[in-house]
Enquirer: 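Pasting in a structure now, in structure tokens, and then I'll have a few things to ask.
Keep in mind it's a predicted model, so treat the numbers as computed, not measured. Quick note on labels: first sequence line is chain A, next is B, and so on, each numbered from 1.
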Protein chains: 2
Amino acid sequence: MNAIEPADPRLLVLAQDFREALRHSIYLVRRLDADGELSAAQLSTLKMLMDAGPASDGGGVRVGEIARNLGVKVPSATEQIIKLERAGLARREPDPSDSRAVRVTLTGAGRTAVESANERRNAVMAGILSSLSDEDRAALAAALPVIGKINATLQA
Amino acid sequence: MNAIEPADPRLLVLAQDFREALRHSIYLVRRLDADGELSAAQLSTLKMLMDAGPASDGGGVRVGEIARNLGVKVPSATEQIIKLERAGLARREPDPSDSRAVRVTLTGAGRTAVESANERRNAVMAGILSSLSDEDRAALAAALPVIGKINATLQA
DNA sequence: CCTAACTGTTAGGCTACCTAACTATGAATG
DNA sequence: CATTCATAGTTAGGTAGCCTAACAGTTAGG
């Protein structure tokens with residue numbers, strides 16, 4: 001799909017620069033995550049569950065779906081879920097329509113945990129962004145949909 | 001330094017969107033790294049050593065400096081260096097001017113390893129970027145310096 | 001039915017981090 | 001200078017998150 005062709009030099013430069021930016025951004029992400037009581041993986045998982053709605057709405061998310069969404073294998077998802085369950089943030093219930101499956105949902109504690117962790121991280125990030133010029137912020141904002149597109153491509 | 005203040009709502013939205021973009025980008029980075037024979041941490045370390053120049057130029061990088069540059073603690077840097085050394089990609093030599101210190105340098109094999117790993121990853125990334133429109137690529141390119149600024153802030 | 005496909009869990013292993021404790025050297029000071 | 005304090009790295013031991021392989025239970029199709 002993408003390979004052996006020579007490739008436009010300008011594209012390669014952009015690729016390199018983007019890679020570099022992402023590489024450095026890892027530290028930013030680490031900083032944000034270090035701050036909280038929830039790890040990045042756990043927060044991501046909980047956020048998914050939040051978006052999926054409550055069990056009473058036929059909500060909840062299956063383990064395989066969580067794994068796909070997080071970009072990890074099923075056993076890794078299971079592991080996260082077990083931790084969240086032990087922490088009282090998520091719950092596993094049998095799926096009424098398929099007894100092989102498990103539906104994972106947020107508990108009340110899980111919901112508040114997501115919300116507060118999110119707020120805190122957003123505040124830290126906002127603090128960092130506040131030192132930028134309006135121009136810079138505009139440039140960043142303009143690029144986010146593009147990065148979103150790139151990431152969406154990956155999932156396919 | 002940044003904290004309790006209410007914070008501009010638009011800033012918070014940008015913060016949230018940027019966080020989200022970075023979060024998803026993790027999978028992109030994973031994909032890129034999975035591809036290679038060098039782990040992300042190892043490649044980062046080697047790249048640093050490459051930039052620092054050869055030992056003959058009084059080059060080489062001290063362990064503490066590597067750690068600071070990678071955003072990790074010293075023992076983690078030591079660990080990486082030991083692995084690189086075992087793989088024949090880096091070398092540890094005593095620092096002539098301070099015998100507590102160690103200067104780490106690239107070997108020839110290390111140099112070629114960095115170059116080929118970099119090329120491969122760039123090619124994969126270029127493949128991904130090639131599906132974007134010129135406009136999108138321009139937006140992405142415009143944001144990279146801003147992201148660089150953000151990351152630079154962090155290091156301070 | 002009975003086999004094949006699918007959903008999760010368990011077991012075992014790896015990498016990359018961390019903190020705490022230690023060794024050795026260097027620098028400062030009375 | 002001798003002592004003390006600071007700095008540079010290493011070692012030891014632990015955690016989180018990911019992986020593959022092997023397994024158990026359920027469903028669906030021939």
Enquirer: Quick one: does A:Thr78's side chain have a donor or acceptor within less than 3.5 Å of a partner on A:Val74's backbone?
Expert: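 Indeed, once roles are kept as given, a pair shorter than 3.5 Å links the two residues.
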Enquirer: Can any side-chain N or O of A:Tyr27 pair as donor or acceptor with the backbone N or O of B:Asn151 at less than 3.5 Å?
Expert: no
Enquirer: Taking 5' to 3' order, which nucleotide of DNA chain D is first and which is last to have an atom within less than 4.0 Å of a heavy atom in chain A?
Expert: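 In short, chain A contacts DNA chain D from D:dA16 to D:dT27.
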Enquirer: Measure CD1/B:Ile82 against P/C:dT15 and give the value in whole Å, please.
Expert: 14 Å
Enquirer: Between A:Lys73 and A:Arg100, which residue's closest nucleotide on DNA chain D lies nearer the 5′ terminus?
Expert: A:Lys73
Enquirer: Working to the nearest 0.5 Å, report the span between CD of B:Glu20 and CD1 of A:Ile147.
Expert: 12.0 Å
Enquirer: Starting from the first five and the last five pairs of the helix from C:dC1-D:dG30 to C:dG30-D:dC1, work out the angle between the resulting helix axes, to 10 degrees.
Expert: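 The angle, to the nearest 10 degrees, is 0°.
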Enquirer: Output, in order, the C-alpha distance, side-chain angles, deciding distance and verdict of salt bridge (charged side-chain N to carboxylate O under 4.0 Å, His left out) for B:Glu85 and B:Arg92.
Expert: CA-CA 8 Å; B:Glu85 201 174 28; B:Arg92 275 191 290 188; 3.0 Å; yes
Enquirer: By the 4.0 Å heavy-atom rule, please label B:Val74 as base, sugar-phosphate, or nothing.
Expert: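 Base contact.
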Enquirer: Is B:Arg121 salt-bridged to B:Asp33, going by a charged N under 4.0 Å from an acidic O?
Expert: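 Judged by the 4.0 Å cut-off on N to carboxylate O distance, B:Arg121 and B:Asp33 do form a salt bridge.
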Enquirer: How many whole angstroms separate atom CD of A:Glu85 from atom P of C:dG8?
Expert: 14 Å
Enquirer: Return the CZ to CG distance between B:Arg19 and B:Leu14, rounded to the nearest 0.5 Å.
Expert: 12.0 Å
Enquirer: Please give, in whole Å, the distance from C:dA16 C1' to A:Tyr27 OH?
Expert: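 These atoms are roughly 12 Å apart.
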Enquirer: Expressed as a whole number of angstroms, how long is the span from A:Glu79:CD to C:dG12:C1'?
Expert: 12 Å
Enquirer: Atom CZ of B:Arg62 and atom C1' of C:dG26: how far apart are they, to the nearest Å?
Expert: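 In whole Å, C:dG26 C1' lies 11 Å from B:Arg62 CZ.
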Enquirer: Across the strands shown, which category fits B:Gln80 at heavy-atom distances under 4.0 angstrom: base, sugar-phosphate, nothing?
Expert: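 B:Gln80: backbone/sugar contact only, no base atoms under 4.0 Å.
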Enquirer: Considering non-hydrogen atoms only, spot the tightest contact between A:Ser25 and B:Leu22 and give its length.
Expert: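 Nearest pair, atom of A:Ser25 first, then B:Leu22: CB-CD2, 3.9 Å.
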Enquirer: For A:Ser99, report the nucleic acid contact type (base, sugar-phosphate, nothing); a contact means any heavy atom under 4.0 Å.
Expert: sugar-phosphate
Enquirer: Categorize B:Val72 for me: base, sugar-phosphate, or nothing, with a 4.0 angstrom heavy-atom threshold over every strand shown.
Expert: sugar-phosphate
Enquirer: Let's see if you can work this out: which of C:dT19, C:dT7, C:dT10 has an atom nearest to the side-chain heavy atoms of A:Pro75?
Expert: C:dT10
Enquirer: Nearest whole Å is fine: how far is C:dT9 P from A:Lys83 NZ?
Expert: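 Going from NZ in A:Lys83 over to P in C:dT9 covers 15 Å.
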Enquirer: Under 4.0 angstrom, heavy atoms only, what part of the nucleic acid is A:Asp98 near: base, sugar-phosphate, or nothing?
Expert: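 If one applies the 4.0 Å heavy-atom cut-off, A:Asp98 turns out to touch the sugar-phosphate alone, with no base involved.
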Enquirer: Rounding to an integer number of Å, can you tell me how far A:Ile81 CD1 sits from C:dT7 P?
Expert: 14 Å
Enquirer: Looking at C:dG8, I'd like to know if its phosphate oxygens (OP1 or OP2) sit under 4.0 Å from a side-chain N or O belonging to A:Thr78.
Expert: no
Enquirer: Scan A:Ser76 against the nucleic acid and name what it touches under 4.0 Å (heavy atoms): base, sugar-phosphate only, or nothing.
Expert: base
Enquirer: C:dC14 P sits how many Å from B:Arg86 CZ, rounded?
Expert: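 After rounding, the reported distance stands at 13 Å.
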Enquirer: Is the closest basic N to carboxylate O distance between B:Glu65 and B:Arg62 below 4.0 Å?
Expert: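 No salt bridge links B:Glu65 with B:Arg62.
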Enquirer: First locate atom CG of B:Leu144, then atom CG of A:Asp17, and finally report the distance between them rounded to the nearest 0.5 Å.
Expert: 6.0 Å
Enquirer: Within a 6.0 Å radius of atom NZ on B:Lys47, are there more than 12 heavy atoms belonging to other residues, nucleotides or ligands?
Expert: yes
